[in-house]
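Numbering of ligands and ligand atoms starts at 1, following listing order. Note that this is a predicted model, so its numbers are computed, not measured. Heavy atoms only: backbone and side chains are in, while hydrogens, waters and symmetry mates are out.
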Amino acid sequence: MDTLNNSSSVSEFILLGLSSSQEIQILFFAIFFHMYVAIIVGNLLIVIAVIFDSHLHSPMYFLLANLSFFDLCFSSVVTPKVIADFLRKRKAISLWGCMTQMFFMHFFGGGEMSLLIAMAIDRYVAICKPLHYKTIMNHRVLTLFLLFSWTIGFIHTTSQMAFTVGLPFCGPNVVDSIFCDLPLVIKLACTETYTLELLVIADSGLLSVFCFILLLISYIIMLVTIWQHSSSASSKAVSTLSAHITVVTLFFGPAIFIYAFPFNSFSVDKFLSVFYSIITPFLNPIIYTLRNQEMKAAIKRLNKQHIGSWLNP
Ligand SMILES: *[C@@H]1O[C@H](CO)[C@@H](O)[C@H](O)[C@H]1NC(C)=O
């Protein structure tokens, strides 16, 4: 028993990326670069529209803007390095870089998960208790929801990372993905990690499954409520709800696959991690703006008032 061998001898990890072919990597570089620009522009546009357009000053849009903000942070944790790595032959990341990636991924991911729940509660109140909507979803409640999201994100990530940062790594140090993620990195530790694996399955996997089922049930209840009291506003409500359900599925689907069955099927996981780090934040603004007349109108107004005057002062 070597008790002194607690310190890691591995100081960096090597990421394998998506492909070893040079041409394909350049193609991925171009695609991911453009998608990342679209993520920044699309989500920033939503945040700016909601902050500056008084038509959008309602709890639903405040939550949506915060979701866009989470998406921006979430994909910025890994995407810039992933994009730069496509042009590098040797894709290395330091031990601390790797830990930082995982910490912030789960911080913003956990926050986003809580925010999706807050958004569902907001819609639930709007649809099932419409007369009390303004009093229930007041500014204080909204602030509490946001505080709750950041706190849950923090607890979610620290509860896993506290046990991960201390792991000893003594090689191999190859991570078969485009960024560091918990199941892949834990597998590389040269110690017994069974308890930690169970913790990750519970903390990221089962929690995702649980939230996803809860959210689906609540959206089904809302849809049923709308169909029972079909009114003139119902088609708009159905389209809002279907946007929410799509986003929830895009977010939780990959997360459940990666974390609920994490320690055996790695080959699909790296494509799923592309999905939730880049494709979901890319699709969210599209889903919310294309299907939402008010958002579209706000972006048009924004375009006329602000961007127009910046371009031709
Ligand atoms: C988040 O929501 C709050 C409302 O409580 C709002 O004031 C704030 O502007 C939103 N943040 C972003 C980044 O949109």
| Gap separating the CG atom of L95 from the CG atom of N173, nearest 0.5 angstrom | 10.0 Å
| What atoms of ligand 1 come within less than 4.0 Å of a heavy atom belonging to L142? | 4 (C), 5 (O)
| message | To the closest 0.5 Å, what do you measure between CE (M295) and NE2 (H55)? | response | 13.5 Å
| note | Filtering N66, L64, V47, V50 for the heavy atom nearest atom 8 (C) of ligand 1 leaves N66
| said: Would you say Q25 and K91 are linked by a side-chain donor-acceptor pair, where the criterion is simply a distance under 3.5 Å? | reply: yes
| Which residue and non-hydrogen atom of the protein lie closest to atom 6 (C) of ligand 1, and at what distance in Å? | F62 CD2, 3.6 Å
| Under 3.5 Å, is there a donor-acceptor pair linking the side chains of D53 and Y61? | no
| said: Could you identify the single nearest non-hydrogen protein atom to atom 9 (O) of ligand 1 and state the distance to 0.1 Å? | reply: I51 CG1, 4.0 Å
| request: Give a yes or no on whether a salt bridge exists between E12 and R90, defined as a side-chain N under 4.0 angstrom from a carboxylate O. | output: yes
| query | At what distance is the nearest protein heavy atom to atom 14 (O) of ligand 1, and which residue and atom is it? | reply | A65 CB, 3.1 Å
| task | Provide, to 0.1 Å, the distance between atom 5 (O) of ligand 1 and the closest protein heavy atom, together with that atom's residue and name. | result | L146 CD1, 3.4 Å
